[in-house]
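Structure first, then comments.
Note that the coordinates shown come from a computational prediction; the quantities given were computed from them, not determined experimentally. All residue numbers refer to positions in the sequence shown, counting from 1. In each ligand, atom 1 is the first atom listed, and ligand 1 is the first ligand listed.
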Amino acid sequence: MTEAATEVDAVVVGAGFSGLYMLHRLRGLGLSVRVLERADGVGGTWFWNRYPGARCDIESTDYAYSFSEDLVRDFQWSERYAAQPEILRYLEHVADRFDLRRDIEFGTRVVTADFDDEASRWTLVTDGGARYRARFCVMATGCLSSVREPDVPGLERFEGTWLLTGRWPDGVDLTGRRVAVVGTGSTGIQAIPVIARQAERLYVFQRTPNYSVPARNRRLTDAEAEELRRGFADRRRLACASAAGMPVEAPDRSALAIPPAELAELFEAGWERGGIDALSHAATDIVTEEAANRIAQEFARAKIRAIVRDPAVAERLCPRHFIGTKRTCVDTDYYDTFNRDNVELIDARTDPIEEITADGVRTGSAFYAVDTIVFALGFDAMTGALRDIAIRGAGGVELRERWAAGPRTVLGLAVAGFPNMFLVTGPGSPSVLSNMAVSIEQHVDFIAAAIAYLDTNGFDRIEATEAAEAAWVTHVNDLADATLYPATASWYTGANVPGKPRVFMPYVGGCGPFRRACDEVAAHGYEGFALS
Ligand code: FAD
Ligand code: N01
């Protein structure tokens, strides 16, 4: 017998930064809400990614909500870039402070979501068979939550322990172990220096090197934290208007118009200051002009060669793609880690991993005996978590089919044919190219305002039009095509997942312009959406 459905006004899937704030805003509108979350706790990214070294790459003060002045005042960050446990504690604090947990079902994975055209209701079914019926469905499922798992032959025979960074359990101790790390994206680059200090021996399997800039992380004094809190409103105003959701003034000169010695000084100052925009902030055109990009690349490679003592290892660590067209990594001691005696870098491009045996990793030319293998293979980004759910809109059309050639949205927030369903930070929004806390708040505010507008104006239903969707997809592609981003195989383009359509997914136009586009849409009675 089918279980009777729980009836609510809105169902939200996911209880990370997005889902928590969505719940708070929808409750504020007087709606009954249920949040369905696969994990056993809140936090999303920060619940799952407990690997050693996990921390944010946007300054903690800014990688936070702004909706509550009390929250800003009461939570004190201990470091410039907080580590995972502190960010998780923050999100748990938010859940408690705003009494959010009572509307969240944990340990619950949504497997299907169906729209009933006649009744204008969504029905979501969970892995446990529970059913939820709601007028609105908000997918706050995360851009980086669908973890890529290893498919290397022989893993089932491995007698040691293997771990996924994106599903890291508590209580792992790598002290004195012989460890292999596979993957050198942001995750691997954060984990490797920490694991190297614990392990007896560390083998790093690198297929493609990445650019990484120093975090220059440090503890914040009470006085600094207080000053950051006092200046928070101004910082956030600047961040909202900026390209990347960070409180910095935009550069105003082309790298090619800056005298070379001055440009080198700007890069050097950025490297010393640290942070994700260390090099990109020097000029306007680092990710749009090939010649400008090459200057920044050379600077980064020179830094690697200066830090890493063995020239052959340094060369292997030198990336060759356009800098900034994959997310720039932000590290603490990454390159210096390869000066340690207990660390070895293996080029998994020229000497690929062929199999895992009972006691180690075998490549084409060598065998490495290990007790633990850490896989840091990244995510099926932006669309993976949505594709994991069978989402069927009006007329039973599946989202997976509609997106067979790549995702299509209006503003990354809504999809034609899927009425009353919203995405938070979906493909076609700045999301992963921005401080996500800023983008998430803006998306959630947009969604809440749209729902309030429907109710105040006597509408029951909102749906993106095909025409608006086509126009937005074209706009997103046109902007991306004017940059170097699409030229690089990255998870932004889906290139990291075999068979995934190659489409550049995020909106490169920046947070400020994106916000203005959303505000325009709302100001014109949700132009591009059909209300009925
Ligand atoms: P998530 O935090 O991913 O939450 C989505 C939730 O949905 C998850 O808990 C998941 O379990 C749940 N879910 C998904 N599918 C289902 C389903 N079918 N049923 C039930 N539940 C489901 N961004 C920044 O801006 N700055 C940073 O410094 C930064 N650091 C990062 C570090 C790491 C290690 C990673 C992986 C990402 C980082 N990001 C960063 C991006 C980060 O994902 C976002 O900043 C933000 O945390 C996303 O919040 P979210 O709620 O949208 O998604
Ligand atoms: O994932 P990635 P990530 N055999 O896709 C390698 C955010 N984040 O988890 O490039 C061998 O970047 C793959 O190699 P290649 C941030 O947005 C932020 O590190 O495909 N190797 C690559 O080296 C980030 O961009 C922080 O050749 C294989 C690595 O695995 C995003 O999350 C921290 C392989 C995957 O790198 C994703 O980062 C962490 C295989 N079969 C994450 N398959 C901060 O610092 C894949 N690889 C805030």
Side-chain angles (χ1 to χ4, degrees), residues 12-22 35-39 41-51 53-60 62-63 81-82 84 87 91 105-113 124 126-127 139-152 165-166 181-191 205-210 212 215 244-246 276 319 321 326-331 348-349 352-353 375-381 384-386 388-389 423-425 431-440 443-444 489-492 495-498:
V12 177
V13 187
F17 258 101
S18 300
L20 291 176
Y21 182 45
M22 194 74 249
V35 178
L36 306 175
E37 169 55 63
R38 180 179 182 175
V42 299
T45 288
W46 305 102
F47 175 92
W48 295 111
N49 290 269
R50 298 169 189 236
Y51 60 84
R55 59 178 71 247
C56 53
D57 63 4
I58 302 284
E59 295 195 29
S60 305
D62 306 311
Y63 185 58
Y81 299 101
Q84 173 271 332
I87 306 174
L91 291 169
E105 307 282 346
F106 293 109
T108 302
R109 187 165 68 84
V110 172
V111 289
T112 61
L124 284 80
T126 72
D127 50 354
M139 293 297 181
T141 44
C143 293
L144 296 164
S145 58
S146 180
V147 177
R148 295 209 54 228
E149 299 197 12
D151 59 359
V152 48
T165 49
V181 172
V182 186
T184 51
S186 299
T187 299
I189 281 177
Q190 283 187 329
F205 291 84
Q206 169 194 273
R207 205 163 57 177
T208 315
N210 265 304
S212 189
M246 285 157 56
I276 191 150
H321 58 274
K326 285 183 169 192
R327 189 169 174 106
T328 300
C329 306
V330 180
D331 73 271
R349 173 77 62 196
I353 297 174
F375 292 102
L377 306 181
F379 302 87
D380 183 349
L386 293 165
D388 285 346
I389 305 172
L423 314 175
V424 185
T425 67
S431 61
V432 293
L433 295 180
S434 68
N435 172 357
M436 296 272 283
V438 167
S439 286
I440 285 167
H443 276 191
V444 167
S490 70
W491 60 257
Y492 295 146
N496 67 327
V497 177

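- Neither the backbone nor the side chain of Y21 has any atom closer than 4.0 Å to an atom of ligand 1 (non-hydrogen atoms only).
- Of all atoms in ligand 2, numbered sequentially from 1 with element shown, those under 4.0 Å from a heavy atom of G378 are 1 (O), 3 (P), 5 (O), 9 (O), 35 (C).
- Ligand 2 has an N or O atom lying under 3.5 Å from an N or O atom of T208, backbone or side chain.
- For ligand 1, the atoms lying closer than 4.0 Å to a non-hydrogen atom of I389 are 18 (N).
- Side-chain atoms of S434 and S439 include a donor-acceptor pair closer than 3.5 Å.
- Between V110 and ligand 1, an N or O atom pair is found at a separation short of 3.5 Å.
- Nearest to atom 35 (C) of ligand 2 by heavy atom, out of A376, G183, C329, is A376.
- Contacts with ligand 2 closer than 4.0 Å are made by side-chain heavy atoms of L144 only, the backbone lying farther away.
- Note on ligand 2: C56 sits in its first shell, one or more heavy atoms being nearer than 4.0 Å.
- For I353, no heavy-atom contact with ligand 2 is shorter than 4.0 Å.
- Residue G188 has no nitrogen or oxygen atom sitting less than 3.5 Å from a nitrogen or oxygen atom of ligand 2, judged on distance alone.
- With atom 14 (O) of ligand 2 as the reference point, the heavy atom nearest to it among R148, H321, R207 is part of R207.
- Under a 4.0 Å criterion applied to the non-hydrogen atoms of G44, ligand 1 contributes the atoms 1 (P), 2 (O), 4 (O), 8 (C), 9 (O).
- Residue T108 touches ligand 1 through its backbone alone, judged by heavy-atom distances below 4.0 Å.
- Looking at ligand 1, you won't find any N or O of R109 less than 3.5 Å from one of its N or O atoms.
- Of the heavy atoms in W46, only side-chain atoms (C-beta onward) come closer than 4.0 Å to ligand 1.
- Contact annotation: for Y51 versus ligand 2, heavy atoms closer than 4.0 Å belong to the side chain alone.
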